[in-house]
Visitor: 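One structure is given below, represented as structure tokens, and several questions about it will come after.
Atoms considered below: every heavy atom in the structure, side chains included; atoms not considered: hydrogens, waters and symmetry mates. Just so it is clear, the structure is predicted and the values come from calculations on it, not from any experiment. All chains are named by letter (A, B, ...) in the order of the sequence lines, taking the proteins before the strands, and each is independently numbered beginning at 1.
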Protein chains: 2
Amino acid sequence: MANYSEAPSSETRDAIIAYFVNAAQAFGIPKSIGEIYGLFFATDAPLALDDVIEQLQISKGSASQGIRFLRSINALNPTYIPGDRRDHFKAETSLRRIADGLIKERIKPQLASGAEQLKAIQNQTRKTELGEYQDQLATIRTWSKKADLVLPFVSKFLGDKSKPTVI
Amino acid sequence: MANYSEAPSSETRDAIIAYFVNAAQAFGIPKSIGEIYGLFFATDAPLALDDVIEQLQISKGSASQGIRFLRSINALNPTYIPGDRRDHFKAETSLRRIADGLIKERIKPQLASGAEQLKAIQNQTRKTELGEYQDQLATIRTWSKKADLVLPFVSKFLGDKSKPTVI
DNA sequence: CAGGGAGTTCAAGAAAAAATGAACACGGCC
DNA sequence: GGCCGTGTTCATTTTTTCTTGAACTCCCTG
């Protein structure tokens, strides 16, 4: 286990950080970002860039980019601290809000680019290989639609209010 | 666009392959695996290892491992060809079956390892920092449960039979 | 408006992941 | 048994991705 020097270190805190490092990597998200979120998650008080650098012993660049990313998916919320010029944040703990952020910032754009790519193929293909790949293209279209439809559903499912769910 | 030499190459076919390369990378799956699935998907006839190597111009090792992976998630189905000793496959085109394969082979194990890690933290923590991180641990437990619950719904949602869905 | 704290950027180096290909099974078939 | 076709393994190389840190931009403050 990493030995994050300085500051209120603890076995449990570091284990929580390790937990998020794993989770992040399962999502294809860099280790450093998992560490950063884990640190915020494990810490009650709002933290600033400096705290992250100090407690995780990572570079300013990594910390800055990591915080930016986490903010972009709403995994960190700005917290104003009077008399301190630095930006402070606290971890967002609503799974749904984070999932929504991820969906909006990463998954949706990916789906959109896929859809574009598909449209380009279709335009290009109609002119040349008529009928040749129609089945395959139809299958992909079906998939795209389903992917689009499932997202709001996942979001709702992860929502805080546990409502009865019927499919 | 790659110029996959040999065999029935075509603009559209290669565009479909490119589509799957992108999709794969969005999932953190290696490019070569996206290519392989794309090739199978775009090809009606069953293909064997050799065909993959020849048409995609990739190494035997990559092709072998890629096919193994795709089989493990049920993205390729074995197809028997009389009089040919080589193993042939066709692409699975049911999104649900592939998703189920991915869930069972990759996501579930990941969740399980997370759950183990969490349990270890809890055991370790009870003895030492009583109450210190109880809120955080409770939050993680909630998340884990939701993640477990959402998977079967996603699977059902991607199912072929379009049934009315109510949340 | 000079100085300095806070945060960003990005080229270069370090680390991790994927691809390669040669060596190694395994199993028919002659 | 020896050979050949098929597929797997895994150490090495290549490619990609992540991290670092120094230079830079913005503002705020005196």
Side-chain angles (χ1 to χ4, degrees), chain A residues 2 4-5 17-18 20-40 46-73 76-89 106 110, chain B residues 2 4-5 17-18 20-40 46-73 76-89 106 110:
Chain A
Y4 303 115
S5 63
I17 293 173
F20 283 105
V21 168
N22 272 17
Q25 289 188 314
F27 276 70
I29 288 169
K31 184 181 132 185
S32 69
I33 293 182
E35 289 182 303
I36 295 169
Y37 182 77
L39 174 62
F40 277 101
L47 301 175
L49 183 64
D50 289 1
D51 301 314
V52 172
I53 294 168
E54 202 174 273
Q55 298 195 31
L56 297 178
Q57 304 273 76
I58 63 179
S59 70
K60 215 177 174 187
S62 277
S64 173
Q65 291 183 183
I67 288 173
R68 157 115 50 87
F69 172 81
L70 289 167
R71 285 223 287 166
S72 79
I73 63 166
L76 291 182
N77 298 127
T79 303
Y80 175 64
I81 301 241
D84 196 330
R85 199 131 70 78
R86 299 170 304 168
D87 295 342
H88 291 253
F89 304 93
R106 292 181 80 75
Q110 178 63 41
Chain B
Y4 302 116
S5 64
I17 292 173
F20 282 106
V21 168
N22 272 19
Q25 290 189 313
F27 276 72
I29 287 169
K31 184 181 131 185
S32 69
I33 293 182
E35 289 181 304
I36 295 170
Y37 182 78
L39 174 62
F40 277 101
L47 301 176
L49 182 64
D50 289 2
D51 302 315
V52 173
I53 294 169
E54 200 174 276
Q55 297 194 32
L56 297 178
Q57 303 273 74
I58 64 180
S59 71
K60 216 177 175 188
S62 278
S64 173
Q65 290 183 181
I67 289 174
R68 157 114 50 88
F69 173 80
L70 289 168
R71 286 222 288 166
S72 80
I73 63 167
L76 291 182
N77 297 128
T79 303
Y80 175 64
I81 300 238
D84 195 331
R85 204 134 65 79
R86 298 170 304 168
D87 295 343
H88 291 255
F89 304 93
R106 291 180 79 74
Q110 178 63 40

Visitor: Nearest-Å distance, CG (B:L47) to C1' (D:dT6)?
Guide: 16 Å
Visitor: Let me know the distance between CG of A:D50 and C1' of C:dA6, rounded to the nearest Å.
Guide: 8 Å
Visitor: Is the shortest side-chain heavy-atom distance between A:L56 and A:I17 below 4.5 Å?
Guide: yes
Visitor: Under a 4.5 Å cut-off applied to non-hydrogen side-chain atoms, are B:I67 and B:R71 in contact?
Guide: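 Sidechains of B:R71 and B:I67: in contact.
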Visitor: Please report the distance, rounded to the nearest Å, between NZ in A:K60 and P in D:dA23.
Guide: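 Going from NZ in A:K60 over to P in D:dA23 covers 12 Å.
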Visitor: What distance do B:D50 atom CG and B:D84 atom CG have between them, rounded to the nearest 0.5 Å?
Guide: 9.0 Å
Visitor: In this structure, how many angstroms lie between the P atom of D:dT6 and the CD1 atom of B:I53, rounded?
Guide: 11 Å
Visitor: To the nearest Å, give me how far apart CG (B:D84) and P (C:dG28) are.
Guide: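 Spelled out: CG on B:D84 to P on C:dG28 is 15 Å.
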Visitor: Figure out the NZ/P separation between A:K31 and C:dA14, and round it to whole Å.
Guide: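 Going from A:K31 (NZ) to C:dA14 (P), I get 16 Å.
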Visitor: Taking for each residue the nucleotide of DNA chain C bearing the nearest heavy atom, is the 5' side occupied by B:G28 or by A:D87?
Guide: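 In this pair, the answer is A:D87.
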Visitor: Are B:V52 and B:I58 packed together at the side-chain level, in the sense that at least one heavy-atom pair is separated by less than 4.5 angstrom?
Guide: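 With C-beta onward as the side chain, the pair touches.
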Visitor: Rounded to whole Å, please give me the gap between CG in B:D51 and C1' in D:dG7.
Guide: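 The distance from CG of B:D51 to C1' of D:dG7 comes to 14 Å, rounded to the nearest Å.
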Visitor: Rounded off to whole Å, could you give me the CD1-to-P distance for the A:I67 and C:dT9 pair?
Guide: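 Interatomic distance, CD1 of A:I67 to P of C:dT9: 13 Å.
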Visitor: Estimate the overall bend of the helix from C:dC1-D:dG30 to C:dC30-D:dG1 from the end axes over five pairs each, rounded to 10 degrees.
Guide: 0°
Visitor: Is a donor-acceptor contact shorter than 3.5 angstrom present between the side chain of A:Q65 and the base of D:dC18?
Guide: no
Visitor: Mapping A:H88 and A:S62 onto DNA chain C by nearest heavy atom, which one lands closer to the 5' end?
Guide: A:H88
